[in-house]
Amino acid sequence: MDPSVIATLTAVVSAVIGGAAGEAGKSAWGSLTALVRRRFGTDAAVTAALEQADTRSPEETTRILVDQAHADAEFERSLADWAGETARLLQYKHDVSNTIGGDARITGTVIQAGDISGSVNLGTPGPPERRG
């Protein structure tokens with residue numbers, strides 16, 4: 001398996017296990033579990049990697065999946081596809097909840113956002129440029 005795919009797989013598994021992926025991560029985990037069960041059925045070693053993922057590091061769970069992928073080209077392709085698709089999904093579709101509540105008193109600028117790509121400038125604009 002290509003090292004970049006392994007890195008993507010590890011990042012995705014880490015985000016999903018850690019809960020950072022929200023509802024999209026739960027759905028992704030369900031699809032990975034279904035993929036593994038379709039391919040390996042009741043093979044305890046492989047299915048246990050997913051069932052006990054919360055007691056293992058993401059790297060260990062990934063290693064078990066990659067070891068199985070090295071022995072099965074079809075599973076390797078399916079796993080690589082899942083990792084790529086899920087990484088794209090998690091990048092663009094994750095839960096963001098911005099809340100200001102309670103007894104909050106806002107006296108300045110507030111920005112509520114999910115992912116930001118690029119700069120966020122909160123300073124006041126400078127004087128207009130003179131054209132001459």
Side-chain angles (χ1 to χ4, degrees):
M1 184 172 270
D2 184 275
S4 66
V5 173
I6 295 172
T8 299
L9 180 61
T10 303
V12 169
V13 168
S14 181
V16 171
I17 290 173
E23 287 302 314
K26 289 177 187 175
S27 176
W29 192 255
S31 69
L32 176 60
T33 301
L35 171 69
V36 168
R37 287 200 172 122
R38 273 192 312 272
R39 179 60 193 102
F40 298 102
T42 58
D43 184 333
V46 183
T47 56
L50 300 180
E51 292 167 0
Q52 299 170 3
D54 58 340
T55 64
R56 294 187 163 109
S57 71
E59 294 80 12
E60 186 178 358
T61 299
T62 300
R63 182 187 50 75
I64 293 167
L65 293 169
V66 169
D67 287 349
Q68 293 301 315
H70 284 306
D72 184 328
E74 182 181 336
F75 179 66
E76 181 175 355
R77 282 188 299 277
S78 296
L79 187 60
D81 289 347
W82 177 86
E85 290 169 16
T86 303
R88 284 187 294 279
L89 172 74
L90 297 182
Q91 184 176 5
Y92 295 107
K93 281 187 154 185
H94 64 278
D95 298 325
V96 175
S97 177
N98 293 303
T99 304
I100 298 174
D103 293 329
R105 286 191 229 175
I106 309 302
T107 60
T109 303
V110 174
I111 294 178
Q112 295 184 315
D115 294 332
I116 297 175
S117 178
S119 299
V120 174
N121 298 305
L122 301 178
T124 56
E129 289 186 30
R130 289 191 166 177
R131 296 180 191 205

Applying the side-chain contact (heavy atoms from CB on, under 4.5 Å) test to Thr8, which of Ile6, Val12, Val5 qualifies? Val12

Can you list the residues that meet the side-chain hydrogen bond (donor to acceptor under 3.5 Å, both in side chains) rule with Ser31, with sequence neighbours excluded? Trp82

Shortest non-hydrogen separation from Ala104 to Ile100 and the atoms involved: CB-CG2, 3.6 Å

Once side-chain contact (heavy atoms from CB on, under 4.5 Å) is applied, do any residues pair with Ala69, and if so which ones, sequence neighbours excluded? Met1, Phe75, Glu76, Leu79

List for me each residue that meets salt bridge (charged side-chain N to carboxylate O under 4.0 Å, His left out) alongside Asp81, sequence neighbours excluded, and say none if there are none. none

For Glu85, the salt bridge (charged side-chain N to carboxylate O under 4.0 Å, His left out) test, sequence neighbours excluded, returns none

List the residues meeting side-chain hydrogen bond (donor to acceptor under 3.5 Å, both in side chains) with Thr62, not counting sequence neighbours, and say none if there are none. none

Sorted by chain and residue number, the side-chain hydrogen bond (donor to acceptor under 3.5 Å, both in side chains) partners of Asp72 (sequence neighbours excluded) come out as Arg39

If you define the side chain from C-beta out and look only at heavy atoms, does anything of Leu65 sit under 4.5 Å from Leu32? yes

When rounded to the nearest 0.5 angstrom, what is the spacing between CG in Asp2 and CG in Leu9? 12.0 Å

Less than 4.5 Å apart, any side-chain heavy atom of Ile64 and any of Arg56? yes

Would you check if the side chain of Ser14 reaches a backbone N or O of Thr10 as a donor-acceptor pair within less than 3.5 Å? no

